[in-house]
Amino acid sequence: QVQLQESGPGLVKPSQTLSLTCTVSGDSITTSSSYWSWIRQPPGKGLEWMASITDSGSAYYRPSLKSRTSISRDTSKNQFTLQLSSVTPEDTAVYYCARAAYLRTVVKTIDEYDFWGQGTQVTVSS
């Protein structure tokens, strides 16, 4: 059974860098044709794809966030990480990590990804 678990700070101050890690079990992040992604949901809004990293390490970013976002991986720990710099209160959201077999940059429902973490609340506030 594939499981994903997000970890990171629940509270970040404006202008700081948010760092979140997703630990994967039951599958390898190097499994062929796998896309490991970060998705967030701000309060009262829909799901927003942020970035993905493939089984081979290629990275894809949401254009509007690309200048502030970095996704990376540690294959020895079977983890992938999101860094979001210069955060503002508008970055307050529940952040999810998820896996899909294709690059999915539009997320309307949870069914569009195969496996999800439980999500972690991140609040940006001074």
- Item | Check: C97 main-chain N/O paired with E6 side-chain donor or acceptor under 3.5 Å | yes
- Query: Less than 4.5 Å apart, any side-chain heavy atom of S85 and any of T17?
  - Reply: yes
- Item | Minimum-distance pair of heavy atoms, taken over all atoms of L82 and A51 | CD1-CB, 4.5 Å
- Message: Does any part of the side chain of R40, heavy atoms only, come nearer than 4.5 Å to the side chain of V122, both counted from C-beta?
- Response: no
- Task: Check the pair T30, R73 against side chain to side chain contact (heavy atoms under 4.5 Å, CB included), reporting the backbone distance first and the verdict last.
- Result: CA-CA 10 Å; T30 61; R73 65 179 188 168; 3.8 Å; yes
- Are the side chain of S58 and the backbone N or O of T54 linked by a donor-acceptor pair below 3.5 Å? no
- Task: Evaluate the ring planes of W36 and F80, with Trp represented by its six-membered ring, and classify them as parallel (under 30°), tilted (30 to 60°) or perpendicular (over 60°).
- Result: tilted
- So, does T92 use its side chain to make a donor-acceptor pair with the main chain of V124 at under 3.5 Å? yes
- With rounding to the nearest 0.5 Å, note down the distance linking CZ in R99 to OG1 in T31. 7.0 Å
- Task: Might you work through the side chain to side chain contact (heavy atoms under 4.5 Å, CB included) test for I71 and W38, ending with a clear yes or no?
- Result: CA-CA 9 Å; I71 190 169; W38 286 98; 3.7 Å; yes
- Query: Can you name the nearest heavy-atom pair linking D74 to I29, along with the distance?
  - Reply: O-CD1, 4.1 Å
- Task: State, yes or no, whether a side-chain contact exists between T120 and S7 at a heavy-atom distance under 4.5 Å.
- Result: no
- Query: Would L4 and Y35 show up in the same hydrophobic cluster when neighbours are defined by side-chain heavy atoms closer than 4.5 Å?
  - Reply: no
- Over all heavy atoms of both residues, which pair between E48 and L65 is shortest? Give the atoms and the distance, please. OE1-CD1, 4.1 Å
- Kindly check if the number of other-residue, nucleotide or ligand heavy atoms within 6.0 Å of CG (L11) is above 12? yes
- Message: Please give me the minimum heavy-atom distance between R104 and W49, naming the atom from each residue.
- Response: O-CD1, 3.4 Å
- Query: Do you know which two heavy atoms are closest between D114 and A100, and how far apart they sit?
  - Reply: OD2-CA, 3.7 Å
- Just how far is it from atom CZ of R68 to atom CE of M50, taken to the nearest 0.5 Å? 7.5 Å
